> 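First the structure, then my questions, so here it is.
All of these numbers come straight from a predicted model, not from anything done at the bench. Numbers here are sequence positions counted from 1. In listed order, ligands and their atoms are each counted from 1.
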Amino acid sequence: MHKVTSTSSLGPGGLDLTQSFFKPIQNTAPPSPTKRHTKISVIGVGNVGMAIAQTILTQDLADELALVDAVKDKLRGEMLDLQHAAAFLPRTQILSSTDYSVTAGSDLCIVTAGARQNPGESRLNLLQRNVGLFKKIIPPLAQLSPDAILLIVSNPVDVLTYVAWKLSGFPSNRVIGSGTNLDSSRFRFLIADHLDVNAQDVQAYIVGEHGDSSVALWSSISVGGVPILSFLEKQQISCEKETLERIHKEVVGSAYEVISLKGYTSWAIGYSVANLAFSILRNQRKIHPVTVMANGFHGIEAAGEGGEVFLSLPALLGRGGALAVTNVHMTEEEVQRLRDSAKTLLELQRQLEV
Ligand SMILES: NC(=O)C1=CN([C@@H]2O[C@H](COP(=O)(O)OP(=O)(O)OC[C@H]3O[C@@H](n4cnc5c(N)ncnc54)[C@H](O)[C@@H]3O)[C@@H](O)[C@H]2O)C=CC1
Ligand SMILES: CC(=O)C(=O)O
């Protein structure tokens, strides 16, 4: 395990510097037992893991950050590179190891390890390779941090969230996938760009699979509290279905475009996952479209059809993980598309041996 050298109290020759450097203040109270020590582990220090790690550090989300990867030198290099930014960041102890014991006692374990898409390749194509890795990654994580929340990012994220749930034995509220939080951010960006407003004022969700069968919930979009579709209808502004379809297609094509241009996506997923970590660890009770167990919601009754299905729905996130799913309004067509998305994922799951 590589420890942070700068926090060591031993100077050259084994002299305890804290003894000679500091004069203790007498009669101090011990630290408050109510102040929690927060630990996050990130598994996989590739493009995505590192974008998440650096965003977590800048947002002061953890007292301790543990990094794990299978490639020892790269892992140590990434750890040192982050540690060397200590003078510019809130204080966080950064550890790394190829051994999972470094993750023990984590509050949140974020899994980004695994194969990524080649240009033009579908996320679903990665499944077999990444299920094999998850069989090595999830059991030790669950054993060493039995109270943690697992946040899955590796693709295909929805099926791998199901796999992580199965392998961990955790209750489903503590196994979440980053899901369509990223797709929804892309959607909000495109709508905001179209209307020339701030994306943070746009409430809009993509649900279902994080991928090609995702569903845009046009009927519930609002901007600054104004429901967009009914506003356009009242103003007798015709909003062509093709325009809406085009924007959704652009969302679905976003990752393919970025991957064909730079080889991978990283910055937006980094912010998206740090945003989820914030809502969970700071108990924000904020609504995010993320991958959760979907059985029983919006008529998805997959258990009866042969299994549980995980896909994105707008969920309330807090310290306990996924606390509830919101009853977002959907048209019949949107519900049907969501059920079709669930079927796509279930068919894939049926081919798995977990
Ligand atoms: N859910 C989402 O919205 C997004 C998901 N992704 C997915 O995230 C994953 C990672 O993508 P990148 O970081 O770009 O890939 P990358 O190739 O840069 O990094 C993957 C890392 O996983 C490590 N790894 C492989 N096997 C391991 C094991 N057994 N234990 C620990 N570490 C291991 C590799 O050494 C490497 O450092 C991919 O599956 C990608 O499709 C990427 C972007 C967005
Ligand atoms: C790669 C991927 O899943 C994304 O950027 O959406």
> Looking at every heavy atom in both S178 and L276, which two are closest together, and how far apart are they?
CA-CD1, 3.9 Å
> Tell me if the OH atom of Y271 is crowded by more than 12 foreign heavy atoms within 6.0 Å.
no
> Between L82 and M50, does a side chain to side chain contact (heavy atoms under 4.5 Å, CB included) hold up when you go through it step by step?
CA-CA 9 Å; L82 286 180; M50 288 311 291; 3.6 Å; yes
> Run the side chain to side chain contact (heavy atoms under 4.5 Å, CB included) test on L61 and L108 for me, step by step, so that the C-alpha distance in whole Å, both residues' side-chain angles and the decisive distance to 0.1 Å come before the verdict.
CA-CA 11 Å; L61 288 179; L108 180 67; over 6 Å; no
> Distance from D69 atom CG to T98 atom OG1, nearest 0.5 Å?
9.0 Å
> Using the side chain to side chain contact (heavy atoms under 4.5 Å, CB included) rule, take R36 and R319 through it: C-alpha gap first, then chi angles, then the decisive distance, then the call.
CA-CA 12 Å; R36 282 194 95 253; R319 196 64 191 76; 3.1 Å; yes
> Which atom pairs, one a donor and one an acceptor, fall under 3.5 Å between side chains of residues 218-225 and the rest of the protein, sequence neighbours left out?
unit_1, atom_1, unit_2, atom_2, d
S219, OG, E334, OE1, 2.6
S219, OG, E334, OE2, 3.4
S220, OG, L217, O, 3.3

> Would you sort out whether D212 and S122 count as a side chain to side chain contact (heavy atoms under 4.5 Å, CB included), showing the intermediate values?
CA-CA 8 Å; D212 303 346; S122 155; 4.2 Å; yes
> Given a heavy-atom cut-off of 4.0 Å, could you list the residues near ligand 2 in chain and number order?
Q117, R123, N155, L182, R186, H210, A255, T265
> I'd like the atom pairs linking ligand 1 to the protein - N or O on both sides, separation under 3.5 Å - with distances to 0.1 Å.
unit_1, atom_1, unit_2, atom_2, d
ligand 1, 1 (N), V153, O, 2.9
ligand 1, 1 (N), S178, OG, 3.3
ligand 1, 3 (O), H210, NE2, 3.1
ligand 1, 6 (N), N155, ND2, 3.4
ligand 1, 13 (O), N47, N, 3.1
ligand 1, 13 (O), V48, N, 2.9
ligand 1, 14 (O), N47, ND2, 3.1
ligand 1, 14 (O), R116, NE, 3.3
ligand 1, 15 (O), R116, NE, 3.3
ligand 1, 17 (O), R116, NE, 3.3
ligand 1, 18 (O), N47, N, 3.1
ligand 1, 18 (O), N47, ND2, 3.0
ligand 1, 22 (O), G114, N, 3.3
ligand 1, 32 (N), A70, N, 3.4
ligand 1, 35 (O), D69, OD1, 2.6
ligand 1, 35 (O), D69, OD2, 3.4
ligand 1, 37 (O), D69, OD2, 2.7
ligand 1, 39 (O), A115, O, 2.6
ligand 1, 39 (O), N155, N, 3.1
ligand 1, 41 (O), N155, ND2, 3.0

> Give me each pair satisfying side-chain hydrogen bond (donor to acceptor under 3.5 Å, both in side chains) with a member in residues 273-292, each pair once, sequence neighbours excluded.
D158-T291, N181-H288, S279-H288
